[in-house]
Amino acid sequence: MIEYIKGELTELTPGMAVVEAHGVGYALGITLNTYTALQKHGVGKETKLMVHEQLVTGGRDDSFTLFGFASRQERDLYRLLITVNGVGGNTARMILSATTPADLCNTIASGNEKILKSVKGIGPKGAQRIILELRDKILSLGITQEMTAVPGGNGKMVNSAVRDEAVAALTALGFSPAPSAKVVSQLLADAPDTPVEQIIKQALKLIK
């Protein structure tokens, strides 16, 4: 089992990070919180990601996917989410992209279904199930407000680049490109200087 990967960050998008370690490039699916944390370090710098391995068998083709997290706490929270019936890997990643780990813990602890229901694939029963099954477990994670993501990056991107990057990330999360592009374009029209990670978070709540 891979516990973590440490090496040079060679590629970074809102949905994926590539870390080269000992001549091997590992592609890892990431959340927006991890994306924001990695932006602060920058491509070309050494980074360390906690790893969750996902092996899917039984279909036409078996698949092996790596997910990377900037902190052990976020990975623990991801692993808790996927224990809930009906919450798969991509859904858990969308939940952790729509809110910070600390805010998600507060949401679950307070029984706030509204925020959970705003995530694609999470209906009223799913939100209730997450709260019921994880409320007590969440207290043991020790996630604090210190984990809340802060803006980072290397300056503003032009609108087309932000749009394309946001649509690509939403598509990787399972949304169709056409409605994703429509929502992202509208959000950028209303607020052209909004960072890409914020655009994606807002779009996650608006795409039908």
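Just so it is clear, the structure is predicted and the values come from calculations on it, not from any experiment.
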Could you walk me through whether Ser97 and Leu204 satisfy the side chain to side chain contact (heavy atoms under 4.5 Å, CB included) test, starting with their C-alpha distance in whole Å, then the side-chain angles of each, then the deciding distance to 0.1 Å, before giving a yes or no?
CA-CA 8 Å; Ser97 293; Leu204 286 172; 3.9 Å; yes
Residues Leu12, Gln39; criterion side chain to side chain contact (heavy atoms under 4.5 Å, CB included); working and verdict:
CA-CA 8 Å; Leu12 180 64; Gln39 275 191 314; 4.1 Å; yes
Begin with the C-alpha distance, continue with both residues' side-chain angles, and end with the deciding distance and a verdict on side chain to side chain contact (heavy atoms under 4.5 Å, CB included) for Leu9 and Lys45.
CA-CA 6 Å; Leu9 179 66; Lys45 302 294 181 62; 5.8 Å; no
Could you walk me through whether Met50 and Ser71 pass side chain to side chain contact (heavy atoms under 4.5 Å, CB included), step by step?
CA-CA 6 Å; Met50 307 307 297; Ser71 69; 5.9 Å; no
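To the nearest 0.5 Å, the span separating NZ on Lys205 from CE on Met94 amounts to 14.0 Å. Annotation: the span from Lys48 atom NZ to Glu46 atom CD amounts to 10.0 Å, rounded to 0.5 Å. Note that the CZ atom of Arg93 and the CG atom of Leu32 stand 9.0 Å from one another [nearest 0.5 Å]. Considering OG1 of Thr13 and CG of Leu38, their distance stands at 10.5 Å, rounded to 0.5 Å. Here the CG-CG distance, from Asn106 to Asn112, works out to 10.0 Å after rounding to the nearest 0.5 Å. Rounding to the nearest 0.5 Å places CD1 of Ile115 at 13.5 Å from CD1 of Ile122.
Residues Met16 and Val51 do not share a hydrophobic cluster, clusters being chains of Ile/Leu/Val/Met/Phe/Trp/Tyr side chains in contact below 4.5 Å. Taking hydrophobic clusters as Ile, Leu, Val, Met, Phe, Trp and Tyr residues chained together by side-chain heavy-atom distances below 4.5 Å, Phe64 does not share a cluster with Val18. Under a hydrophobic clustering in which Ile, Leu, Val, Met, Phe, Trp and Tyr are joined whenever their side-chain heavy atoms come within less than 4.5 Å, directly or via other members, Ile2 and Ile82 fall into the same cluster. Taken together through direct or relayed side-chain contacts under 4.5 Å among Ile, Leu, Val, Met, Phe, Trp and Tyr, Leu206 and Leu116 form part of one hydrophobic cluster.
With sequence neighbours excluded, the residues satisfying ring pair (Phe, Tyr, Trp, His ring centres under 6.0 Å) with Tyr78 are His52, Phe67, Phe69. With sequence neighbours excluded, the residues forming a salt bridge (Lys or Arg N to Asp or Glu O under 4.0 Å) with Arg72 are Glu3, listed by chain and number.
The two atoms that bring Leu187 and Gln202 nearest to each other are CD2-OE1, 3.3 Å, heavy atoms only. Nearest heavy atoms, Leu134 versus Leu80: CD2-O, 3.7 Å. Nearest heavy-atom pair across Ile200 and Pro14 is CD1-CB, 3.4 Å. The nearest pair of heavy atoms linking Pro101 to Glu74 is CG-CG, 3.9 Å. Between Glu165 and Val196, the shortest heavy-atom contact is CB-CG2, 4.1 Å. For the residue pair Ile5 and Ala21, the shortest heavy atom distance occurs at CG2-CB, 4.4 Å.
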Donor-acceptor list for residues 169-184 side chains, cut-off 3.5 Å, not counting sequence neighbours:
residue : atom : partner : partner atom : Å
Thr171  : OG1  : Val167  : O            : 2.8
Ser180  : OG   : Ser176  : O            : 2.7

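Counting heavy atoms from C-beta outward, Leu104 and Leu81 have side chains that approach closer than 4.5 Å. Counting heavy atoms from C-beta outward, Thr99 and Val119 have side chains that stay 4.5 Å or more apart.
A donor-acceptor contact shorter than 3.5 Å is absent between the side chain of Thr91 and the backbone of Val87. A donor-acceptor distance shorter than 3.5 angstrom exists from the side chain of Thr34 to the backbone of Ala70, with no hydrogens or angles considered.
Residues Asn33 and Thr36 bring no donor and acceptor atom of their side chains to less than 3.5 Å of each other.
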